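Take a look at the structure set out below.
Any value given below was found using the heavy atoms of this structure, including those in side chains, with hydrogens, waters and symmetry copies removed. Start at 1 and go down the list; that is how both ligands and their atoms are numbered. Note that this is a predicted model, so its numbers are computed, not measured.
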Amino acid sequence: MRALLDTEEIRIESWLSEVEDRSLANDVLDGLTKPFKEIPPKHLYDTRGSELFEQICALPEYYPTRTELSILTDRAPEIVEETGATELVELGSGAADKARILLDAMAAAGTLESYVPFDVSEHVVRDAAEQLVEEYDGLHVHGVVGDFERHLERVPPTGGDARVVALLGGTIGNFPPGTRRRFLRKVRALLGPDDRLLLGTDLVKDPAVIEAAYDDSQGVTAEFNRNVLHVINRELDADFIPAAFEHIAFFDRQREWVEMRLRAQRPCSVMIKAIGLRVEFAAGEELRTEISAKFTRARVAADFKAAGLQLAGWYTDPDELFALSLASRAA
Ligand code: AVJ
């Protein structure tokens with residue numbers, strides 16, 4: 001662990017170490033030697049990828065971000081009253097604009113004590129921490145820089161009476177079902193009896209609406225998808241030609257998830273020098289880059305149950321596009 005900042009109001013620690021961080025190399029070696037090639041979606045987010053994702057959030061077709069924000073804006077006071085939240089832990093905190101809505105409601109209720117942003121990006125955590133202690137009187141920020149798939153147990157023990165651990169944006173949908181339940185079980189370990197999980201999930205709906213959100217008319221999502229090849233080229237000294245891969249997004253109606261893939265438009269032979277791996281793509285062969293599961297209330301409740309949690313609140317928009325749910329430890 002590296003302590004990055006330690007003042008009266010802000011403490012930031014990093015659990016990422018560049019030397020030991022072989023995550024991309026391992027995932028590329030595993031993923032590109034599988035019978036069906038795949039790369040985990042977390043590698044889409046370098047600086048450029050994060051910028052493209054920000055652009056996606058503002059697209060007319062991409063409803064999840066603005067819908068979740070509207071639910072949060074409408075219901076934050078109720079969520080804060082229901083939970084009595086004194087501490088907000090946010091997994092994948094980013095610029096903390098969603099957190100602000102909750103922090104405002106906590107401040108208005110007079111319960112706000114601390115915020116624990118958890119993100120892979122050191123400067124994102126630092127910037128948010130520095131701004132938020134200015135904005136909220138007496139707020140303590142304990143930032144954790146890490147990968148929440150690997151460093152979740154590094155979240156500090158709760159300091160206050162009621163903690164809310166938030167995982168927003170529908171990020172939980174990136175985990176396949178089994179991994180999702182294991183992950184929720186690890187989140188459960190962060191909760192005491194009076195603490196709650198606040199989970200954002202995109203909901204099952206008309207496939208055409210979903211598919212448009214992942215294949216926008218301006219091609220931003222296509223560029224976001226292909227960006228993972230630029231990441232591999234740069235980080236692992238590879239020679240992918242991103243333009244030779246077509247963006248594919250479809251809703252799998254059986255599994256109720258969206259898949260993003262990259263389809264080689266012609267045979268491609270790719271050398272990934274840093275790991276000494278040559279990979280062949282046949283014409284038309286696809287590489288899976290993301291699944292994004294869509295939920296029903298029953299599925300959320302079942303996943304919670306399987307993870308030792310119970311559904312304790314359900315907040316949705318009038319069109320039922322997106323939902324926020326609260327969970328507590330099962331009795
Ligand atoms: C950040 C995982 C919630 O699945 O909708 C957006 C990522 N992928 N467009 C999602 C994403 C394509 C997004 N999450």
- Under the 3.5 angstrom rule, does the side chain of D319 hit a backbone N or O of L321 as a donor-acceptor pair? no
- Item | Single hit among R2, H142, R154 for side-chain hydrogen bond (donor to acceptor under 3.5 Å, both in side chains) with E13 | H142
- P267 versus E280: any side-chain heavy-atom pair under 4.5 Å? no
- Message: With heavy-atom distances below 4.5 Å as the criterion, would you say the side chains of R100 and E135 are in contact?
- Response: yes
- Query: Which is closest to atom 10 (C) of ligand 1 in terms of heavy atoms, Y63, Y62, F224, F175?
  - Reply: Y62
Output yes when the distance from some N or O of ligand 1 to some N or O of [X] is under 3.5 Å, and no in every other case.
X	value
Y214	yes
K294	no
T221	no

- Item | Where ligand 1 meets F53 - atom numbers and elements under 4.0 angstrom, heavy-atom basis | 1 (C), 6 (C), 7 (C), 13 (C)
- Message: Can you name the atoms of ligand 1, numbered from 1 with element, that are less than 4.0 Å from a heavy atom of G170?
- Response: 3 (C)
- Query: Should the proximity of Y45 to ligand 1, defined as any heavy atom under 4.0 Å, be assigned to the side chain, the backbone, both, or neither?
  - Reply: side chain
Closest approach of any protein heavy atom to [atom], naming residue and atom:
atom	value
atom 4 (O) of ligand 1	S292 OG, 2.7 Å
atom 2 (C) of ligand 1	N174 OD1, 3.2 Å
atom 3 (C) of ligand 1	G169 O, 3.0 Å
atom 8 (N) of ligand 1	E290 OE1, 2.6 Å

- Can you tell me if P64 has a non-hydrogen atom under 4.0 Å from ligand 1? no
- State plainly whether one hydrophobic cluster holds both Y62 and F250, where clusters connect Ile, Leu, Val, Met, Phe, Trp and Tyr through side-chain heavy atoms under 4.5 angstrom apart. no
- Do N227 and Y45 have side-chain N/O donor and acceptor atoms under 3.5 Å apart? no
- Task: For the residue pair H247 and E223, confirm or rule out a side-chain donor-acceptor distance under 3.5 Å.
- Result: no
- Query: Out of E113, E87, E90, which one pairs with R163 under the salt bridge (charged side-chain N to carboxylate O under 4.0 Å, His left out) rule?
  - Reply: E87
